[in-house]
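Each chain gets a letter, A, B and so on, in the order its sequence line appears, and its residues count up from 1. What you see below is based on every heavy atom in this structure, not just the backbone, and it leaves out hydrogens, waters and symmetry mates. Values in this document were obtained by computation on a predicted structure and should not be read as measured data.
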Amino acid sequence: MSSLSLYDTLTRTTSSFVPLKKGEVGIYLCGATVQAPPHIGHVRSGVNFDILRRWLTKSGYNVTFIRNVTDIDDKILHKAVHENMPWWAVAMKYERAFTEAYAALNVLPPTYEPRATGHVTQMIELMQVLIEKGAAYAPGNGDVYLEVRKLSSYLTLSRQKLDDLQPAADVDAASSKKKDPRDFALWKAAKPGDPSWPTPWGPGRPGWHLECSAMAHQYLGESFDIHGGGLDLIFPHHENEIAQSEAAGYAFAKRWLHNAWVTASGEKMSKSLGNSLQVHELLKSVRGIELRWYLGSAHYRSMLEFSHEALAESATAFRRIESFLTRSVEILGAQPTPVLSQAFTDAMNDDLAVPTALASISEALRAGNSAITAGDSAVIESSANEIRGALEILGCDPFDPAFASASAGEDLTAALDGTIKLALEQRTAARERKDFAASDQIRDGLAALGITIEDTAQGPRWSISRDGK
RNA sequence: GGUCGGAUGGCCGAGAGGCGAGGCAAGGGACUGCAAAUCCCUCUACACGGGUUCAAAUCCCGUUCCGACCUCCA
């Protein structure tokens, strides 16, 4: 049995994963800033880390998975003006959109999902510690800053030098109270009309970075195993989290994992691409399980170049796997029992090498399909078990109730099945009397309704072939 | 300017010194009344130029192109 190795952005190397506490893993994932509907880049992060979580759980760890919601932020405030809604209504609206997207993709709910606005107390406490230790200062204008010059370890995650950074453009130096232009705001004084919370330094609202340090500390303690997020968070967000937390005396994250982007036309996804790559839009052309399969199929550290063609192709490949499992149930009369193959396990243990793991599924699929032709139920069963075991880890198990069709009830399905079987009996009769015109008419008629007929050794079977949900 | 990635066959996408992942598409074959599904076979690549080595897609040097971050992006 191999053991898990994971990459670490801090060391830029892959190393054996050893938890701080035997049998336990604490993960903090930077979740969404709820200021717009989720696009597939956002949920790729969710899917990638969900696979990590499932794999750790399967490996026997008790995983505490914290994924925050940033529900107060400049963009949310702007959006509130734009949409003529209170800022908290904007945050809630998009938080729900994210929750729905995660659910559609079978991303397991976090152990806890803390909101920034619910942790102002912890943030104030953290700032007090930082000020006491001399790492932060409140210049009297209501802001609180972290003094980055004092931190020798600052910028080690992104491997930059403080003096090489381009000077921040956010402040006109004249009015700034910062000791150094690169000092960053832990807390921002309230401007007229802004939401605010009372603090010892005056009313204000959280800076972007402070929340994560405060919440990670609250739920995972001074030190925890894995901190994750998108590549673009390395600097400044994660760098600043480290600065705040270490200056407060916490050891903080032992390992950093960052997922790469979904790109379109070689570029990182952005709002300029419009709404077409929102999860909500894409789910009109493929099912959630298919979108998840696509997003999870590339290695988490590799860029995934999005195209509608690639997505459609990926969905086709997935249906092929799903179709085998469906047929295995028809033949064996029972759902497969998830089993992990050695090849799959080894691949996953190698820094979650999902693409390699998928190759093992392909092999099992071929063996399983051949076994159907040969009527070898032992091999059908073992192949189906192995495939289901793999799909379960990838969060793409078609038997998972999370993917159960919400629209068609069981009664309806049974009625449809009976109806189609009547037609198929007619067709079989026609074929037996070699009236192929009549049999083809039935098949074409069903095809026009989106129902595909396949003649198998066990007789005809049908499936709904139309795209969509 | 600083930091960090990437370039693999028609397409997607792994690998990271030797035994040429896998998928999709395409062509051929088997099966079929014809299909569909399935299986078998074929096509075999690592941006460019040097170098190291018995051996380089993989290591080193250089070049080109693409991308990301550099204070509120997953």
Side-chain angles (χ1 to χ4, degrees), chain A residues 9 12 29-33 35-36 38-49 70 73-76 148 155 158-171 181-185 188 206-209 228-237 239-240 258-263 265-271 294 297-299 301-305 307 309-314 316-318 320-321 323-324 327 347 353-363 365-366 368-370 372-374 431 434-436 439-440 443-444 447 452-457 460-461 463 465:
Chain A
T9 307
R12 309 284 162 97
L29 174 63
C30 284
T33 300
Q35 47 95 13
H39 60 59
I40 53 173
H42 295 123
V43 289
R44 180 190 186 183
S45 183
V47 167
N48 284 156
F49 283 96
T70 298
D73 150 88
D74 285 357
K75 286 183 180 169
I76 293 171
V148 296
L155 302 181
S158 59
R159 305 202 169 184
Q160 299 179 97
K161 292 193 183 76
L162 195 58
D163 293 321
D164 291 340
L165 294 183
Q166 286 184 352
D170 63 326
V171 283
R182 282 153 295 215
D183 289 350
F184 61 91
K188 297 179 165 189
W208 179 37
H209 314 296
L231 256 187
D232 41 3
L233 297 181
I234 294 176
F235 184 87
H237 186 57
E239 204 71 80
N240 290 358
H258 292 95
N259 64 279
W261 297 293
V262 179
T263 57
S265 307
E267 287 179 37
K268 183 184 162 190
M269 202 156 287
S270 69
K271 294 214 189 63
Y294 174 67
S297 61
H299 187 93
R301 285 193 282 119
S302 295
M303 284 192 298
L304 179 63
E305 170 65 20
S307 73
E309 293 73 24
L311 174 60
E313 186 179 282
S314 170
T316 303
F318 180 74
R320 202 168 156 254
I321 298 166
S323 168
F324 165 70
R327 293 188 65 185
V354 173
T356 306
L358 296 185
S360 75
I361 295 181
S362 292
E363 282 173 37
L365 180 63
R366 198 176 308 116
N369 276 325
S370 295
I372 287 180
T373 307
R431 291 179 71 208
K434 308 266 187 214
D435 183 356
F436 297 121
S439 71
D440 288 352
R443 185 172 63 194
D444 293 346
T452 303
I453 302 306
E454 295 163 28
D455 291 321
T456 73
R461 65 189 291 271
S463 57
S465 59

**Student:** Under the side chain to side chain donor-acceptor pair (under 3.5 Å) rule, collect the residues that match up with A/E305, sequence neighbours excluded.
**Tutor:**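 By the side chain to side chain donor-acceptor pair (under 3.5 Å) rule, A/E305 matches A/T263.
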**Student:** So, is A/N259 near the phosphate of B/A74, with a side-chain N or O under 4.0 Å from OP1 or OP2?
**Tutor:** no
**Student:** Under the rule for side-chain contact (heavy atoms from CB on, under 4.5 Å), what residues qualify as partners of A/A317, not counting sequence neighbours?
**Tutor:**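 For A/A317, no residue satisfies side-chain contact (heavy atoms from CB on, under 4.5 Å) once neighbours in sequence are set aside.
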**Student:** Measuring only the P atom in each nucleotide, how far is B/C39 from B/G23? A whole number of Å is fine.
**Tutor:** 10 Å
**Student:** Is any N or O donor-acceptor pair between the side chain of A/D455 and the base of B/A35 shorter than 3.5 Å?
**Tutor:** yes
**Student:** Can you measure A/E305 atom CD to B/A68 atom C1' for me and round it to whole angstrom units?
**Tutor:**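 Distance, rounded to whole Å: 14 Å.
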**Student:** Who pairs with A/H209 by side-chain contact (heavy atoms from CB on, under 4.5 Å), at least two apart in sequence or on another chain?
**Tutor:**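 By the side-chain contact (heavy atoms from CB on, under 4.5 Å) rule, A/H209 matches A/F184, A/P236, A/H237, A/N240, A/Q244.
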**Student:** Send over the distance from A/L231 CG to B/C4 P, rounded to a whole Å.
**Tutor:**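 Going from CG in A/L231 over to P in B/C4 covers 14 Å.
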**Student:** Taking any heavy-atom pair under 4.0 Å as a contact, classify A/R159: base, sugar-phosphate, or nothing.
**Tutor:**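 It contacts sugar-phosphate atoms only.
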**Student:** Give A/D440 one of three labels, base, sugar-phosphate or nothing, depending on what nucleic acid heavy atoms sit under 4.0 Å from its own.
**Tutor:** base
**Student:** Contact class for A/S439 vs. all strands (heavy atom < 4.0 Å): base, sugar-phosphate, or nothing?
**Tutor:** base
**Student:** Whole angstroms only, please: what is the CG-P distance between A/D435 and B/C34?
**Tutor:**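 About 16 Å, once rounded to whole Å.
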**Student:** Considering only B/C34, B/C73, B/U71, which nucleotide approaches the side chain of A/H42 most closely?
**Tutor:**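 Nucleotide nearest to A/H42's side chain: B/C73.
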**Student:** Write down the distance separating the C1' atoms in B/G13 and B/G17, rounded off to the nearest Å.
**Tutor:**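 Roughly 22 Å separates the two C1' atoms.
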**Student:** Less than 4.5 Å apart, side chain to side chain, heavy atoms only: is that true for A/S463 and A/E454?
**Tutor:**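 A side-chain contact under 4.5 Å exists here.
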**Student:** Distance between the C1' atoms of B/A26 and B/C11, in whole angstroms?
**Tutor:** 11 Å
**Student:** Using atom CG of A/D74 as one end and atom P of B/U71 as the other, report the distance to the nearest whole Å.
**Tutor:**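 Interatomic distance, CG of A/D74 to P of B/U71: 15 Å.
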**Student:** If pairs are Watson-Crick or G-U with both distances under 3.5 Å, what is the dot-bracket string of RNA chain B, marking crossing pairs with [ ] and pairs to another strand with |?
**Tutor:** (((((((..(((.....[...))).(((((.......)))))....(((((..]....))))))))))))....
**Student:** Check side-chain contact (heavy atoms from CB on, under 4.5 Å) between A/Q160 and all other residues, then give those that pass, not counting sequence neighbours.
**Tutor:**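 By the side-chain contact (heavy atoms from CB on, under 4.5 Å) rule, A/Q160 matches A/L155, A/S158, A/L165, A/F235.
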**Student:** What does A/L233 touch in the nucleic acid at a heavy-atom separation under 4.0 angstrom: a base, only the sugar-phosphate, or nothing?
**Tutor:** sugar-phosphate
**Student:** Could you check how far CG of A/L29 sits from P of B/A74, rounded to whole Å?
**Tutor:** 11 Å
**Student:** Could you write nucleotides 16-26 of chain B as a row of B, S and -, 5' to 3', where a protein heavy atom under 4.0 Å of any base atom gives B, of only sugar-phosphate atoms gives S, and otherwise -?
**Tutor:** -----BSBB--
**Student:** For A/E363, check side chain to side chain donor-acceptor pair (under 3.5 Å) against everything at least two apart and list the hits.
**Tutor:** none
**Student:** For the side chain of A/V262, counting heavy atoms from C-beta on, which of B/A14, B/A74, B/G33 is nearest?
**Tutor:**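 Nearest nucleotide to the side chain: B/A74.
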**Student:** Just to be sure I understand the rule, does A/L304 reach a base, reach only the sugar-phosphate, or reach nothing, if contact means heavy atoms closer than 4.0 Å?
**Tutor:**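 Sugar-phosphate, no base atom in range.
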**Student:** Think A/T33 has a side-chain N or O under 4.0 angstrom from the OP1 or OP2 of B/A74?
**Tutor:** yes
**Student:** Below 3.5 Å, does any donor atom in the side chain of A/R182 face an acceptor in the base of B/C70, or the other way round?
**Tutor:**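 A donor-acceptor contact between them is absent.
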**Student:** Check side-chain contact (heavy atoms from CB on, under 4.5 Å) between A/T9 and all other residues, then give those that pass, not counting sequence neighbours.
**Tutor:**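 A/T9 satisfies side-chain contact (heavy atoms from CB on, under 4.5 Å) with A/Y7, A/R12, A/L157, A/I234, A/W256, A/H258 once adjacent residues are dropped.
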**Student:** In whole Å, what separates the C1' atom of B/U38 from that of B/C31?
**Tutor:**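 Nearest-Å result for B/U38 against B/C31 at atom C1': 9 Å.
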**Student:** What distance separates A/T356 OG1 from A/I361 CD1, expressed to the nearest 0.5 Å?
**Tutor:** 11.5 Å
**Student:** Picking from B/G2, B/C34, B/A74, which would you name as closest to the side chain of A/Q160?
**Tutor:**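 In terms of side-chain proximity for A/Q160, the closest of B/G2, B/C34, B/A74 is B/G2.
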**Student:** Categorize A/R431 for me: base, sugar-phosphate, or nothing, with a 4.0 angstrom heavy-atom threshold over every strand shown.
**Tutor:**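 If one applies the 4.0 Å heavy-atom cut-off, A/R431 turns out to touch a base.
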**Student:** With a 3.5 Å cut-off and heavy atoms only, can you find an N or O donor on one side and an acceptor on the other between the side chain of A/D163 and the base of B/G2?
**Tutor:** no
**Student:** Starting at atom CG of A/D232, determine the distance to atom P of B/U71, rounded to an integer number of angstrom.
**Tutor:**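 Rounded to the whole Å, the gap is 14 Å.
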**Student:** Is a side-chain donor or acceptor of A/R182 paired with a backbone partner of A/V148 at a separation under 3.5 angstrom?
**Tutor:**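 Answer holds: no.
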**Student:** Using a 4.0 Å heavy-atom cut-off, does A/N240 contact any base of the nucleic acid, only the sugar-phosphate backbone, or nothing at all?
**Tutor:**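 Base, at least one base heavy atom under 4.0 Å.
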**Student:** Partners of A/R44 by salt bridge (charged side-chain N to carboxylate O under 4.0 Å, His left out), sequence neighbours excluded?
**Tutor:** none
**Student:** Which of the following nucleotides, B/A35, B/C73, B/G33, is nearest to the side chain of A/K75?
**Tutor:**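 Among B/A35, B/C73, B/G33, the one nearest the side chain of A/K75 is B/C73.
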**Student:** Calculate the interatomic distance between A/H299 atom NE2 and B/C12 atom C1'; express it in whole Å.
**Tutor:** 17 Å
**Student:** Counting the atoms with a prime plus P, OP1 and OP2 as sugar-phosphate, which does A/G41 contact under 4.0 Å by heavy atoms, base, sugar-phosphate, or nothing?
**Tutor:**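 Answer is base: heavy atoms of A/G41 come under 4.0 Å of a base.
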**Student:** If we take the P atom in both B/U3 and B/A45, what is their distance in whole Å?
**Tutor:**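 Between the two P atoms, the distance is 37 Å.
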